[in-house]
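Report on the structure given below.
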Protein chains: 2
Amino acid sequence: MTSDTPRLRADAQRNVEGIRLAALDVFRAHGLNSPLDEVARAAGVSKGTIYHRFGGRQGLIDAVVEDLVAERIKGIITEVSAIDDPVERFESYLRQIWLLQYDEPAANDVLLRALPGSAPLAALCEHANRVAGGFLGEAQATGKIRDDLTSEDVYLLIWERGIIARACDQQHREGFTRSFEHTLRGLRSGS
Amino acid sequence: MTSDTPRLRADAQRNVEGIRLAALDVFRAHGLNSPLDEVARAAGVSKGTIYHRFGGRQGLIDAVVEDLVAERIKGIITEVSAIDDPVERFESYLRQIWLLQYDEPAANDVLLRALPGSAPLAALCEHANRVAGGFLGEAQATGKIRDDLTSEDVYLLIWERGIIARACDQQHREGFTRSFEHTLRGLRSGS
DNA sequence: ATGGTTCTTGACCATGACGTCAAGTAACGC
DNA sequence: GCGTTACTTGACGTCATGGTCAAGAACCAT
């Protein structure tokens, strides 16, 4: 890690920081597709600056994704990993991810792979997916979860929930959870 | 029903018909939110004519919804009504509606109530909903379908599937059906 | 404090949608 | 045929987004 930054001028440095903070706010509230103008306004700069500094939405996202989303997802993974019962663990994972998707539009966008072509995002997704596959396998080993389920099915379930969450727009959390419990039940063994 | 049409000029008559046909095609293919320009192009008229004749998207939709969607939904209802087993009937209804949503973006838009303020559409939805409620009740009476389900739950399930179908964009029909079977299983009684 | 360099700005272009209307075109009745 | 009236057109105005860039502002080393 050489300090590959050729030394930013003081004002530029300040702006970069401000933009990152603004982006965190805006993205958290409205997802990764928020107009960059909005981020610019929140940061008190003009949108040109964002393009100049980050090269566009893609770059800006890469610059904040760690603080914005990665923590949360990793948090869920470690938290859930501590659960002993494999079935419980698997179901908990899905519930937590689903709620995350509902509560954090930005995390949802990541899980939906809404930003094709960002390495860090792809990696994050990939990781979450592998973990989910692990939980699934262990849960299936108990015989209590349908053994015709695949990792892809799990990803599909997450994708679908994400699409729904996106359309909910912070209403009906009640119905959202009620409905995913139905799906969860449908994943258990026994006709 | 007096012929309240003050007699359209021959060319106008022709255009109205052409627009209706074009709208059927376009709406069927891309949903009720297709650009009116596209309908106009398909009909070989200018978009001004549509506005003049139908008053905008709303009016155009009202003018074609019967041919476009109502038939299909009513068809499903009668077809499914013929099934004897209440559980089978209820589940079949959901499956059929879900597939309809997937296959016909226009029908989907109607079921999603995407066009607030159109009387015929609202009526159609309302009807479908009442029917679904009936099927649900009868299915629950057998004890094989969870009795904590309500009509609203059913509507929610349809709404959610509609949102998903809309995002699928004619791919992954396989996954779509696979996934709704999980949900369906989750509606059955027995933990 | 001044010159040279780095940074920022905001006006600008583009796209794609909605909806309107004056002016032009075409059918109809006579 | 021809005037009248109904009908259609397509350019125009608007809004919301993404993205660019020449020109001006800010900084920093000297």
Side-chain angles (χ1 to χ4, degrees), chain A residues 3-23 26-27 29-64 105-106 109 114-118 121 166 169, chain B residues 3-23 25-27 29-64 105-106 109 114-118 166 169:
Chain A
S3 101
D4 51 357
T5 338
R7 210 66 133 319
L8 244 33
R9 226 170 66 180
D11 54 344
Q13 190 60 253
R14 223 180 309 128
N15 280 338
V16 166
E17 214 29 52
I19 292 170
R20 286 197 59 238
L21 293 180
V26 173
F27 285 162
H30 309 299
L32 299 181
N33 287 308
S34 319
L36 290 193
D37 306 27
E38 206 176 317
V39 176
R41 211 171 332 117
V45 302
S46 108
K47 113 181 109 156
T49 303
I50 296 184
Y51 281 97
H52 182 51
R53 281 289 158 237
F54 297 91
R57 153 165 291 118
Q58 192 68 71
L60 181 54
I61 290 173
D62 288 355
V64 298
D109 287 336
L115 291 309
S118 164
L121 263 55
R166 193 182 260 178
D169 259 340
Chain B
S3 100
D4 52 357
T5 339
R7 212 58 137 326
L8 244 32
R9 225 170 68 179
D11 55 343
Q13 191 59 253
R14 222 180 310 127
N15 281 337
V16 166
E17 213 29 51
I19 291 170
R20 286 196 60 236
L21 292 180
D25 279 358
V26 173
F27 285 161
H30 308 302
L32 300 182
N33 287 306
S34 318
L36 290 193
D37 305 297
E38 207 175 316
V39 176
R41 210 171 334 116
V45 301
S46 108
K47 118 182 101 157
T49 303
I50 297 184
Y51 281 97
H52 182 52
R53 281 289 156 237
F54 298 90
R57 154 165 291 118
Q58 192 67 70
L60 181 55
I61 291 172
D62 288 355
V64 297
D109 286 336
L115 289 308
S118 164
R166 193 182 261 180
D169 258 339

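Each chain gets a letter, A, B and so on, in the order the sequences are listed, and its residues count up from 1.
Side-chain N/O atoms of Asp62(A) and Ser118(A) include a donor and acceptor closer than 3.5 Å.
Atom CD1 in Ile61(B) sits 4.0 Å away from atom CG in Leu115(B) (nearest 0.5 Å).
Spacing between atom CD of Glu38(B) and atom P of dA17(C) amounts to 8 Å, rounded to whole angstrom units. Rounded to whole Å, atom P of dG19(C) lies 12 Å from atom CG of Leu60(B). Spacing between atom NE2 of His52(B) and atom P of dA6(D) amounts to 10 Å, rounded to whole angstrom units. Atom CG in Leu8(B) sits roughly 13 Å away from atom C1' in dC28(C) (whole-Å rounding). Atom CD1 of Ile50(B) and atom P of dT20(C) are 14 Å apart (whole Å). Separating the CG atom of Asp37(B) from the P atom of dG16(C) is a distance of 11 Å, rounded to the nearest angstrom. Remark: C1' of dT20(C) and CZ of Arg53(B) are 16 Å apart, rounded to the nearest angstrom. Whole-Å rounding puts the Leu32(A) CG to dT17(D) P distance at 16 Å.
With dG10(C), dC7(C), dC27(D) as the choices, the nucleotide that has an atom nearest any side-chain atom of Arg14(A) turns out to be dC27(D). Picking from dG10(C), dT6(C), dA27(C) the nucleotide with the shortest atom distance to the side chain of Ala10(B) gives dA27(C). Between dT5(D), dT9(C), dT5(C), one nucleotide has an atom nearer to the side chain of Arg9(A) than all others, and that is dT5(C).
The pair Glu17(B)-Arg20(B) counts as a salt bridge, with a side-chain nitrogen and a carboxylate oxygen less than 4.0 angstrom apart.
Mapping Thr49(B) and Lys47(A) onto DNA chain D via the closest heavy atom, the residue that lands nearer the 5' end is Thr49(B). Nearer the 5' end of DNA chain D, as judged by each residue's closest nucleotide, is the contact made by Ser34(A), out of Ser34(A) and Gly48(A).
Between Asn15(B) and dT8(D) there is a side-chain polar atom (N or O) within less than 4.0 angstrom of OP1 or OP2.
The salt bridge (Lys or Arg N to Asp or Glu O under 4.0 Å) contacts involving residues 30-50 of chain B comprise Asp37(B)-Lys47(B), where partners must be two or more places apart or lie in separate chains.
In summary, of the residues considered (Leu21(B), Ile50(B), Asp25(B)), a side chain to side chain contact (heavy atoms under 4.5 Å, CB included) with Val39(B) occurs for Ile50(B) alone.
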